[in-house]
Amino acid sequence: MAPPADPLAAVEARLGHAFGDRNLLLQALTHRSYANEHPSTQDNEGLAFLGDAVLQLVVTEQLWQATPGDAVGVLTPRRAEMVSGVSLARWAARLELGPLLRLGRGEQQQGGQVKESVLATALEAVLGALYLEGGLPVVRRVVASLALW
């Protein structure tokens with residue numbers, strides 16, 4: 001099967017969101033190792049920082065709404081499990097982000113496209129980019145589709 005002519009369009013379709021600023025999506029898929037080799041390129045770490053905070057809010061909100069009577073002592077570990085690196089890497093794999101990542105040569109050679117930490121950071125960065133583009137409603141929808149409540 002031939003790769004799609006426009007890989008960004010494929011991930012946009014999986015996300016259910018067409019980016020107005022595709023450079024934002026491209027940045028979300030750019031690992032720091034690639035940015036180090038291409039000095040005029042921004043990496044995804046700032047977007048991942050934002051995406052992590054947005055993800056925490058959305059998951060907390062959805063857990064609280066789904067189980068309003070549960071104690072904080074029950075909800076907190078549930079949230080931690082949902083936003084763990086393992087879960088985020090699984091979500092990134094479901095979105096097929098790995099093959100789209102822009103990695104430096106060394107990271108590529110070390111299997112960065114399937115590394116849990118790299119995939120989790122990319123997923124957080126994509127969520128950060130989605131938040132900047134569409135706000136909480138878009139992030140809520142994407143997280144709900146990925147989290148398999």
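From a predicted model like this one, the values you see are computed outputs, not experimental measurements. Hydrogens, waters and symmetry mates are skipped; everything else that's a heavy atom, side chains included, is used.
- For the pair Leu75 and Arg78, the minimum side-chain heavy-atom distance is below 4.5 Å.
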Legend entry - Pair Lys115-Glu107, salt bridge (Lys or Arg N to Asp or Glu O under 4.0 Å): steps then yes or no: CA-CA 9 Å; Lys115 256 190 210 173; Glu107 190 64 45; 2.8 Å; yes
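- Sorted by first then second residue, the salt bridge (charged side-chain N to carboxylate O under 4.0 Å, His left out) pairs that include residues 136-145, not counting sequence neighbours, are Glu61-Arg140.
- Residue Tyr34 is not grouped with residue Leu25 when hydrophobic side chains (ILVMFWY) are merged at heavy-atom distances under 4.5 angstrom, including chains of intermediate members.
- Under a hydrophobic clustering in which Ile, Leu, Val, Met, Phe, Trp and Tyr are joined whenever their side-chain heavy atoms come within less than 4.5 Å, directly or via other members, Trp64 and Val54 fall into different clusters.
- Heavy atoms only, all atoms of each residue included: Ala35 and Thr41 are closest at CB-O, 3.4 Å.
- Of the inter-residue distances, the one linking Glu37 atom CD with Arg32 atom CZ reads 12.5 Å to the nearest 0.5 angstrom.
- Put simply, CG on Leu101 and CG on Leu119 are 6.0 Å apart, with the number rounded to the nearest 0.5 Å.
- Residues Val126 and Val114 fall into different hydrophobic clusters, defined by Ile, Leu, Val, Met, Phe, Trp and Tyr side chains chained together at heavy-atom separations under 4.5 Å.
- In the hydrophobic clustering of this structure, Val83 does not group with Val74; members are Ile, Leu, Val, Met, Phe, Trp, Tyr whose side-chain heavy atoms approach within less than 4.5 Å, directly or through other members.
- Counting non-hydrogen atoms of other residues, nucleotides and ligands closer than 6.0 Å to CZ of Phe19 gives a total above 12.
- Contact check for Val143 versus Gln62: side-chain heavy atoms found under the 4.5 Å cut-off.
- Of all the heavy atoms in Ala120 and Gly85, the pair that sits closest is CB-O, 3.9 Å.
- Residue pairs meeting the side chain to side chain donor-acceptor pair (under 3.5 Å) criterion with at least one member in residues 8-20, sequence neighbours excluded, are Glu12-Arg22, His17-Glu133.
- A heavy-atom distance below 4.5 Å is not found between the side chains of Val58 and Tyr131.
- Distance OG1/Thr121 to CG/Leu88: 8.5 Å, rounded to 0.5 Å.
- With Ser33 contributing its side chain and Arg105 its backbone, the two residues share no donor-acceptor pair below 3.5 Å.
- The two residues Val142 and Leu15 come nearest to each other via the heavy atoms CG2-O, 3.4 Å.
- Cluster membership check: Leu47 does not share its hydrophobic cluster with Phe49, using side-chain heavy-atom separations under 4.5 Å among Ile, Leu, Val, Met, Phe, Trp and Tyr.
- Across Leu50 and Gly128, no two heavy atoms sit closer than the pair CD2-O, 3.8 Å.
- When all heavy atoms of Glu124 and Asp52 are compared, the pair lying nearest together is OE2-OD1, 3.2 Å.
- The shortest distance between side-chain heavy atoms of Asp43 and His31 does not fall below 4.5 Å.
- Between Met82 and Ala147 the shortest heavy-atom distance is CE-CB, 3.6 Å.
- Side chains of Thr30 and Gln42 form no contact here, defined as non-hydrogen atoms less than 4.5 Å apart.
- In this structure the side chain of Asp70 never reaches within 4.5 angstrom of the side chain of Leu63, judged on heavy atoms.
- Residue Gln56 places its CD atom among more than 12 non-hydrogen atoms of other residues, nucleotides or ligands, all under 6.0 Å distant.
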Inset, instruction - Could you walk me through whether Leu95 and Leu146 pass side chain to side chain contact (heavy atoms under 4.5 Å, CB included), step by step? - result: CA-CA 9 Å; Leu95 290 169; Leu146 292 170; 3.9 Å; yes
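- Taking the side chain as every heavy atom from C-beta outward, Arg102 and Leu26 approach each other to under 4.5 Å.
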Inset, instruction - List the steps, then state whether side chain to side chain contact (heavy atoms under 4.5 Å, CB included) holds for Leu29 with Leu97. - result: CA-CA 8 Å; Leu29 298 170; Leu97 296 183; 4.0 Å; yes
